[in-house]
Amino acid sequence: MSEALKAPRIAAPTGDTNRWKALVFIALAQLMVVLDSTIVNIALPSAQKDLGISDGNRQWVVTAYALAFGGLLLFGGRIADKWGRRRAFTTGLIGFALASAVGGLATSGPMMFGARALQGVFGALLAPAALSLLAVMFTDAKERAKAFGIYGAIAGGGGAVGLILGGFLTEYLDWRWTFFVNVPFAVVAATGALLVIREPEGGRNRAPLDIPGVLLSTLGLVALVYGFTRAESDGWGDTLTVSMFVASAVLLLAFVLVESRVKAPLLPLRVVRDRNRGGIYLSLGLAIIGMFGLFLFLTYYLQIVQGYSPVKTGFAFLPMVAGMITGSTQIGARLMTRVRARLLMGPGFLVAGLGMLLLTRLEIGSSYATLLLPAMLLLGLGMGSAFMPAMSLATQGVEPRDAGVASAMVNTSQQVGGAIGTALLNTIAASAKTSYLKDHIAGAATKPQQQLVALQGMVHGYSTAIGFAVGILGVAALIAFTFVNAGRPGATTVAAGAGAQDEVQVPVVAH
């Protein structure tokens with residue numbers, strides 16, 4: 001049964017003929033940010049050697065970026081709402097390019113760490129601005145489905161593309177090009193944004209900045225991400241690790257209390273109290289936990305156990321990228337306006353979980369064609385089908401003045417999920433490996449036998465951790481089925497501006 005309901009007053013940007021051109025540059029910027037999350041990992045061993053970074057300090061190449069990016073996302077989202085999303089987008093691009101150039105020119109470890117932190121700062125401004133631009137520019141149901149399908153495919157598959165590009169640049173040029181490559185990406189995207197992006201009028205949040213909220217959220221998220229980072233390297237019982245978790249809990253609780261009392265909160269609680277958005281943030285975060293761990297384990301498995309080169313490893317991930325693109329653009333985008341979001345998200349997470357379940361059968365000599373290939377295809381199809389409607393619904397129906405911070409919450413759930421996934425699943429894998437070696441190493445008399453047992457222990461650790469990831473994806477599917485109860489994601493028109501003159505009659509399907 002359907003009925004016509006009056007939507008909130010909006011200024012629909014139907015006259016903006018450049019929005020599809022704008023999507024190209026927004027997608028290019030998103031690709032750059034996602035590529036950077038994996039491309040630097042490939043270059044890390046070479047950079048560490050050239051810059052004389054110790055084993056104890058090399059983690060800061062990754063950690064400095066993660067702390068700045070994860071800690072400042074909510075602040076970046078609110079700045080986008082306040083400045084205007086196009087201005088925040090272009091500023092983020094230019095700053096990211098400059099920071100990347102500094103990283104490529106680094107002559108010491110501290111210079112590299114500083115460049116990575118700056119990349120994180122500008123990435124935290126750029127990422128929510130990009131997603132919120134899509135949210136306010138594409139309001140028609142079918143157009144929104146296509147736009148978010150493309151965006152979701154890039155968000156999901158860009159990391160694997162980064163492995164290929166990072167392998168090529170490191171193997172055939174120099175590790176510094178993994179940083180320099182961001183500069184042309186950013187210049188093209190920023191130029192295009194200035195020329196074609198026309199942000200709808202009236203969507204800015206003119207309220208004064210919530211300084212206590214900024215400080216509490218930033219410090220709380222930094223402590224949380226750093227806690228999980230330390231847990232991976234120093235253990236869960238480490239004094240500083242535990243202190244970081246306690247500090248994070250106190251700071252974030254204080255943040256929630258402050259936000260419930262101030263007149264102009266950094267994160268209006270109405271954004272996260274919405275049942276659908278809350279369910280999406282939680283399920284996406286859980287799904288990313290599994291995804292990050294899987295990327296890490298498969299990269300090590302292919303290179304250390306199977307002996308793949310960095311370039312060959314990158315190409316081995318292509319089926320997953322193809323699956324994500326297909327799931328996002330052909331399944332998610334086509335069905336988004338026809339079925340409820342939970343009927344795409346829930347089954348999508350379950351299909352991805354089935355792919356992961358196959359990978360629990362990993363052995364030293366596992367066949368790529370008969371095990372890894374089908375598993376990656378299922379994982380890509382499932383994640384692509386789930387991510388696309390999730391990203392669209394997370395920013396749908398939100399007030400225009402909150403579009404940036406709502407988008408930032410999507411990025412925050414992914415960033416925190418990535419930090420948890422890397423630490424938690426690595427710990428599980430290491431524990432399973434240690435237990436396996438303890439039970440089997442006594443029977444290995446010769447060095448070749450000991451090396452074989454060591455590899456078997458490593459693979460056993462990976463498969464055990466992946467088994468936990470399967471369970472986490474099952475929980476993500478359950479949350480999607482139970483929390484996300486909205487109708488078709490594209491059935492309602494999204495608020496694109498705060499114009500007080502225009503009203504649109506929107507058909508909504510009642511279930």
Side-chain angles (χ1 to χ4, degrees), residues 37 56-77 113 116-117 120-121 123-124 212-260 265-267 269 272 278-279 281-297 408-432 434 461 464-465 468-469 471-473 475-476 479:
S37 66
N57 286 332
R58 69 180 175 185
Q59 64 163 325
W60 285 103
V61 176
V62 176
T63 303
Y65 178 86
L67 292 180
F69 186 72
L72 292 170
L73 272 167
L74 285 176
F75 181 47
F113 304 151
R116 289 290 285 160
V121 169
V214 170
L215 293 175
L216 288 170
S217 67
T218 300
L219 293 174
L221 288 171
V222 164
L224 182 63
V225 173
Y226 187 53
F228 281 112
T229 302
R230 275 197 66 88
E232 179 189 357
S233 57
D234 295 84
W236 296 90
D238 176 70
T239 303
L240 184 55
T241 300
V242 174
S243 300
M244 286 294 103
F245 287 137
V246 172
S248 174
V250 171
L251 289 164
L252 292 177
L253 178 59
F255 171 68
V256 172
L257 293 174
V258 167
E259 299 307 274
S260 66
L266 174 71
L267 175 62
L269 296 184
V272 292
Y281 297 148
L282 187 55
S283 61
L284 273 182
L286 288 169
I288 291 294
I289 289 176
M291 281 290 292
F292 262 65
L294 184 71
F295 268 121
L296 186 67
F297 296 146
M409 277 299 299
V410 176
N411 297 113
T412 300
S413 66
Q414 292 175 319
Q415 184 67 21
V416 172
I420 295 173
T422 303
L424 177 62
L425 296 181
N426 251 345
T427 302
I428 293 170
S431 177
T434 301
T464 301
F468 276 86
I472 291 170
L473 274 177
V475 175
I479 289 171

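We count residues from 1, following the sequence as given.
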Problem set entry | Verdict with reasoning, L221 to L73, per side chain to side chain contact (heavy atoms under 4.5 Å, CB included) | CA-CA 9 Å; L221 288 171; L73 272 167; 5.8 Å; no
What pairs of residues pass the salt bridge (charged side-chain N to carboxylate O under 4.0 Å, His left out) test when at least one of them lies in [range], not counting sequence neighbours?
| range | value |
| --- | --- |
| residues 241-256 | none |
| residues 212-231 | R230-D234, R230-D238 |
| residues 409-432 | none |

For this session: Starting from the C-alpha separation in whole Å, work towards a yes-or-no answer on side chain to side chain contact (heavy atoms under 4.5 Å, CB included) for Y226 and L240.
Result: CA-CA 10 Å; Y226 187 53; L240 184 55; 4.2 Å; yes
Does [X] have any side chain to side chain contact (heavy atoms under 4.5 Å, CB included) partners at least two apart in sequence or in another chain, and if so, which?
| X | result |
| --- | --- |
| V214 | F75, L209, T218, L266 |
| A432 | H460, T464 |
| V121 | A68, L72 |
| A287 | F349, M383, F387, L473 |

Problem set entry | Evaluation steps, side chain to side chain contact (heavy atoms under 4.5 Å, CB included), between L267 and M409 | CA-CA 9 Å; L267 175 62; M409 277 299 299; 3.9 Å; yes
How many angstroms lie between atom [atom1] of [X] and atom [atom2] of [Y], to the nearest 0.5 angstrom?
| X | Y | atom1 | atom2 | answer |
| --- | --- | --- | --- | --- |
| I420 | S413 | CD1 | OG | 10.0 Å |
| L215 | L219 | CG | CG | 6.0 Å |
| S283 | I288 | OG | CD1 | 10.5 Å |
| F228 | I289 | CZ | CD1 | 7.5 Å |

Residues 248-257, side-chain donor-acceptor partners within the protein, below 3.5 Å, at least two apart:
from: S248; atom 1: OG; to: G220; atom 2: O; distance (Å): 3.0

For this session: Could I get the full list of side-chain hydrogen bond (donor to acceptor under 3.5 Å, both in side chains) partners for T434, not counting sequence neighbours?
Result: none
Of all heavy-atom pairs between [X] and [Y], which one has the smallest distance, and what is that distance?
| X | Y | value |
| --- | --- | --- |
| A408 | L74 | CB-CA, 4.1 Å |
| R116 | A64 | CB-CB, 4.2 Å |
| G213 | E259 | CA-OE2, 3.6 Å |
| A465 | F297 | CB-CE1, 3.4 Å |
| V222 | G71 | CG2-CA, 3.8 Å |

Exercise. Ignoring hydrogens and geometry, is there a side-chain-to-backbone donor-acceptor pair from S243 to T239 under 3.5 Å?
Worked result: yes
Exercise. Excluding sequence neighbours, so at least two apart, what forms ring pair (Phe, Tyr, Trp, His ring centres under 6.0 Å) with F468?
Worked result: none
Exercise. Given T241 and W236, is the side chain to side chain donor-acceptor pair (under 3.5 Å) satisfied, shown in steps?
Worked result: CA-CA 6 Å; T241 300; W236 296 90; over 6 Å; no
